[in-house]
**Student:** 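What follows is a structure written as structure tokens; I'll ask about it next.
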Protein chains: 2
Amino acid sequence: MTPGARRALDAASTLFYDRGIHAVGVDLIAAEAGVTKKTLYDRFGSKEQIVVEYLAARDERWQAFLAPYVEAATTARGRILAVFDASRDWAGENSTKGCSMVNAHAEISDPAHPAYQVITGQKAWMLALFTALARDIAPRRAAKLGRTLMLLHEGALVAHGVGIFPDAIDQARDDAAALLRDGSRAAPTAGEKRR
Amino acid sequence: MTPGARRALDAASTLFYDRGIHAVGVDLIAAEAGVTKKTLYDRFGSKEQIVVEYLAARDERWQAFLAPYVEAATTARGRILAVFDASRDWAGENSTKGCSMVNAHAEISDPAHPAYQVITGQKAWMLALFTALARDIAPRRAAKLGRTLMLLHEGALVAHGVGIFPDAIDQARDDAAALLRDGSRAAPTAGEKRR
DNA sequence: GCAAAAGTAAACCGATCTGTCTACTCGCCC
DNA sequence: GGGCGAGTAGACAGATCGGTTTACTTTTGC
């Protein structure tokens, strides 16, 4: 990626996240990056493509941010809680307005939009991660436990983003910790087959 | 509200929710409602005001939809689970793209925007509801339990909206049920004071 | 040392954006 | 029956949208 493209993508990322995708025009991105529109279109081809690369790059950054947290943990339970720790630290600097994927999803209605699979892919990856980590704790309930952790985590990102109450991600971490403490011996067959 | 204003607000609600606020122009709203732009501006004054009334009316509809569910429940635990039941039924018809408040929040950056307090007000109301219902089960842990239920509920709306996995709201209901079953006798002092 | 790649500057395109305006019609109520 | 509120039809405004183009300059790799 050329220096101009780099600056453009960085500027677009900040603007898209802070103001929303539709609210940010390509002229603003170019001006903010100190780049001309020609450079933008030479490098990316379209605004749509900038959006796609914004989301993909942000996901990549998040995964790189998360990895050491999980790797540093020594227990299965610790690896799960490490995800919440990483989210809390990430949210402090990068994510004061909630999940960029969820926010982008609010603005993109067409499932054929190339950004769509980036969004759903990121969520699928997170669910797979929680499920895989849950497998080390409760192999037979891993799918269900993974989904529960996913719900707590997504809820925390929303609560933090909208500012429903303070320290939402810490609260979710506490809830996950309690779940892994109590849940590992209770309600072994609840719900999975119901409904 | 005049018939023209009614149709305009209905059309705007569908369009805003499905396509996003910034993606929908006033011309489209007018055309879809079978109304002229003059009527729009005579009745609402600005697009911003249409957005505010869209969110406020949707919140009002949701509260009216929810009330009978909660009132019909006979136990404290049942009243909490009734919220999830209502959300599941509501989501089936009205809310296939997640929470309109969260989605609107993604597009509105300025906290001074008049829609902002509608959004945060709705979330504060839901948290207060969960907390009040939790008080009947565990008075001393009501604040914390209310927040946990809020996280599960918000997470379920996101999971349902983005389509992370099927029956997300049912899963959240199951998790809430398990929490009310196990949690009522476990971990009485966990986390509340911890950072 | 030279050619290709990457960039600037700025005009330009048609479409769409929010918002305003004039001119006219219809129904209702006192 | 006269006035008023609510509406249609549609032109108009200035700004901004995503995107293209021309002409020229800088950087960089072989």
**Student:** Figure out the CD1/P separation between A:Ile29 and D:dG18, and round it to whole Å.
**Tutor:** 7 Å
**Student:** So, is B:Arg43 close to the D:dG7 phosphate, meaning a side-chain N or O under 4.0 Å from OP1 or OP2?
**Tutor:** yes
**Student:** Just checking B:Thr36: base, sugar-phosphate only, or nothing, at a heavy-atom cut-off of under 4.0 Å?
**Tutor:** base
**Student:** Scan nucleotides 14-20 of chain C against the protein and return all N/O pairs shorter than 3.5 Å with their distances rounded to 0.1 Å.
**Tutor:**
unit_1 : atom_1 : unit_2  : atom_2 : d
C:dT18 : OP1    : B:Lys47 : NZ     : 2.8
C:dT18 : OP2    : B:Val26 : N      : 2.8
C:dG19 : OP2    : B:Tyr41 : OH     : 3.0
C:dG19 : OP2    : B:Lys47 : N      : 2.9
C:dG19 : N7     : B:Lys37 : NZ     : 2.9
C:dG19 : O6     : B:Lys37 : NZ     : 2.3

**Student:** Given atom CZ of B:Arg6 and atom P of D:dA6, what is their separation to the nearest angstrom?
**Tutor:** 15 Å
**Student:** Locate the shortest heavy-atom distance separating B:Val83 from B:Trp62; write the atom from each residue and the value.
**Tutor:** O-CH2, 4.3 Å
**Student:** Any salt bridge linking B:Arg88 with B:Asp170? Criterion: basic side-chain nitrogen under 4.0 Å from a carboxylate oxygen.
**Tutor:** yes
**Student:** Just the rounded figure in Å: distance from C1' of D:dG19 to CD1 of A:Ile50.
**Tutor:** 11 Å
**Student:** Testing the basics here: between A:Ala168 and A:Ala159, what is the closest heavy-atom pair and its distance to 0.1 Å?
**Tutor:** CB-CB, 3.6 Å
**Student:** Rounding to a whole Å, what distance do you find between A:Asp42:CG and C:dA9:P?
**Tutor:** 15 Å
**Student:** If the cut-off is 4.0 Å, is A:Thr2 near the phosphate of C:dA5, judged by side-chain N/O to OP1 or OP2?
**Tutor:** no
**Student:** Where is the tightest heavy-atom contact between B:Glu107 and A:Ala106, given as atom of each residue plus distance?
**Tutor:** OE2-O, 4.5 Å
**Student:** In whole angstrom, what separates B:Met1's CE from D:dG5's P?
**Tutor:** 18 Å
**Student:** Could you go through the side chain to side chain donor-acceptor pair (under 3.5 Å) check for B:Asp18 and A:Ser109 one step at a time?
**Tutor:** CA-CA 6 Å; B:Asp18 288 342; A:Ser109 48; over 6 Å; no
**Student:** Any donor-acceptor pair under 3.5 Å linking the side chain of B:Gln171 with the backbone of A:Arg147?
**Tutor:** no
**Student:** Take the protein atom CG of B:Leu40 and the nucleotide atom P of D:dG7, then report the distance between them rounded to whole Å.
**Tutor:** 10 Å
